[in-house]
There are 2 protein chains.
Amino acid sequence: MGDTRAPGQRAGLTRDAILRCARDVLSEQGIDGLTMRSVARRLGVAPNSLYSHVAGKDTLVDDLLDDVLGEVAEPRTTEPAAGLRQIMTSTYEVLLRHPDLVPLYLARQGSRGGNAQRLGEIMLDLLDAAGIAGPEAQEARRVLIVYTIGFAAMTTGSTSDAATSLLSRDVLAANFTTGLDWLLEGILATSDNQLPPHSL
Amino acid sequence: MGDTRAPGQRAGLTRDAILRCARDVLSEQGIDGLTMRSVARRLGVAPNSLYSHVAGKDTLVDDLLDDVLGEVAEPRTTEPAAGLRQIMTSTYEVLLRHPDLVPLYLARQGSRGGNAQRLGEIMLDLLDAAGIAGPEAQEARRVLIVYTIGFAAMTTGSTSDAATSLLSRDVLAANFTTGLDWLLEGILATSDNQLPPHSL
DNA sequence: ACCTGAACACCGTTCAAGT
DNA sequence: ACCTGAACACCGTTCAAGT
């Protein structure tokens, strides 16, 4: 299948094409089916060709996860509570749109890419505007991220169960919002009193 | 290293010995270092010998995770709120005692083994005593499990960061308890009013 | 710069033995 | 029943080419 092209012939590979293909393979074959070789096979290319555009499998997956975070909408307000609610809700919705990726986010506890950093700084800015900074802010951010990914995993995972399918997407989304508001309440309360920080 | 034993010579392998060895390999080599072959090597045995005692790698990891859940203490009361708080707190403490396993629990969203089932039924009994049953109970249980594993992941993960190390284990544990109480409050409130179930 | 063939050092797992 | 050697069908990655 790869013999149609001699060494030196261009295949028109692109970092974006590889990422898109990896996403297709993931949705069709699952996590275990996502390999360098399966991606290369689907692109009609030798396995090692990918290394001209991607450092390796780990960074490919990292890039995959971070690319999707580009879909997250930035908050339309600088008011801390509303802004944090908007950005986390948007993240939750994006994750639901890519159920195959959720387990990967879980395993890596988020992403370290450019989009993740951008969103993370927006979160820190919002927390700072609420008077929360330093290690407390970092912890609050991690709580919100873990909560969001965890809830997304709960929503997307094991929906094959007959009983849980009775709970509609809408009900789960409402539950997410309710819990999120509780978290925000607790986090933002730390800036208004003298109690030891209990950011969850 | 395996030539000291001819085919047919017993090596005294045990399912428990394999599990214990796998845990040692995991803590020393990390997740990527945990392979059938590395476990066998450490036991001074051929790789395929393990298959006389374990079905395969997936079930080995499953067994590994479920075994640890045997350390979780059963609640000392049948009062729903207190009982659920006890069982989740004990689970959280057990997970902190085995930081290497936490990412694996995350990826598999818990465990399906005997200990997990036993704990899961205790949780359902406690919820039932609070008047919560059916799909609402299953969702509440999943919320509590995801929250606990997620928080354990947050506590154990990325503690190499200088800023976060300022937050002591005790502070994080207190945060876990605070958030847990919020969840329990919300979950148990669903049995006392007519509002649509918002189990988080 | 981009792609190839070939190879290396691994995997998990199976199969046909041996005692 | 328990363990072995050998093998199969894979991995990710590297290296020396070719254009």
Side-chain angles (χ1 to χ4, degrees), chain A residues 1-65 100 103-104 107-108, chain B residues 1-65 100 103-104 107-108:
Chain A
M1 190 162 250
D3 0 340
T4 63
R5 198 166 36 250
Q9 307 287 348
R10 306 295 163 99
L13 274 188
T14 301
R15 203 197 78 113
D16 280 9
I18 293 174
L19 282 179
R20 221 175 319 124
C21 180
R23 231 149 81 177
D24 292 342
V25 171
L26 181 65
S27 72
E28 292 178 13
Q29 322 258 19
I31 296 180
D32 292 341
L34 178 61
T35 68
M36 290 288 116
R37 296 178 114 99
S38 67
V39 172
R41 203 177 311 134
R42 177 181 254 258
L43 289 167
V45 128
N48 44 3
S49 305
L50 306 180
Y51 291 84
S52 298
H53 305 87
V54 169
K57 187 186 182 182
D58 280 341
T59 68
L60 186 153
V61 173
D62 284 341
D63 292 350
L64 200 63
L65 297 183
D100 310 304
L104 295 176
R108 307 189 177 217
Chain B
M1 188 166 251
D3 1 341
T4 62
R5 200 167 34 252
Q9 309 286 347
R10 304 296 162 99
L13 274 189
T14 301
R15 205 198 76 114
D16 279 9
I18 294 174
L19 282 179
R20 220 176 316 124
C21 180
R23 229 147 83 178
D24 293 342
V25 171
L26 182 65
S27 73
E28 291 177 14
Q29 321 258 19
I31 297 180
D32 290 343
L34 178 60
T35 68
M36 291 287 116
R37 295 178 114 99
S38 66
V39 172
R41 202 179 310 134
R42 177 181 255 257
L43 289 167
V45 126
N48 43 3
S49 304
L50 306 181
Y51 291 84
S52 297
H53 304 86
V54 169
K57 188 186 182 184
D58 281 342
T59 68
L60 187 153
V61 174
D62 285 339
D63 293 351
L64 200 66
L65 297 183
D100 310 304
L104 294 178
R108 304 186 179 222

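Numbers restart at 1 for each chain; the letters A, B, ... are given by sequence-line order, proteins then strands.
Base-pairing analysis of DNA chain C finds the following stems of at least three consecutive Watson-Crick or G-U pairs, with both pairing distances under 3.5 Å: C:4-8 with D:12-16, C:12-16 with D:4-8.
Distances shown here put every side-chain N or O of A:Arg41 at or beyond 4.0 Å from the OP1 or OP2 atom of D:dC10. Remark: A:Ser52 is not in phosphate contact with C:dC3, judged by side-chain N or O atoms under 4.0 Å from OP1 or OP2.
When each of B:Gly33 and A:His53 is assigned the nucleotide of DNA chain C bearing its nearest heavy atom, the one mapping closer to the 5' terminus is A:His53.
Between A:Leu60 and A:Ala22, the closest heavy-atom pair is CD2-CB, 3.8 Å. Summarising the geometry of B:Ala17 relative to B:Leu43, their closest heavy-atom pair is O-CD2, 4.5 Å, with the distance given to 0.1 Å. Between A:Cys21 and A:Val39, the shortest heavy-atom distance links the atoms SG-O, 3.7 Å.
We find the CD1-CG distance between A:Ile18 and A:Leu64 to be 12.0 Å, quoted to the nearest 0.5 Å. Note that CG of A:Leu104 and CG of A:Leu34 are 7.5 Å apart. Values are rounded to the nearest 0.5 Å.
In this structure, A:Pro47 and A:Met36 have side chains that are not in contact, with every pair of non-hydrogen atoms separated by 4.5 Å or more.
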Practice task
Go along nucleotides 13-19 of chain D 5' to 3' and tag each nucleotide: B for a protein heavy atom under 4.0 Å from its base, S when only backbone or sugar atoms are that close, - otherwise.
Solution key: BBB--BS

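Annotation: side-chain hydrogen bond (donor to acceptor under 3.5 Å, both in side chains) contacts involving residues 23-36 of chain A, sequence neighbours excluded, comprise A:Glu28-A:Arg42, A:Thr35-A:Ser38.
Within 4.0 Å of A:Ser49, counting heavy atoms only, lies at least one base atom of the nucleic acid.
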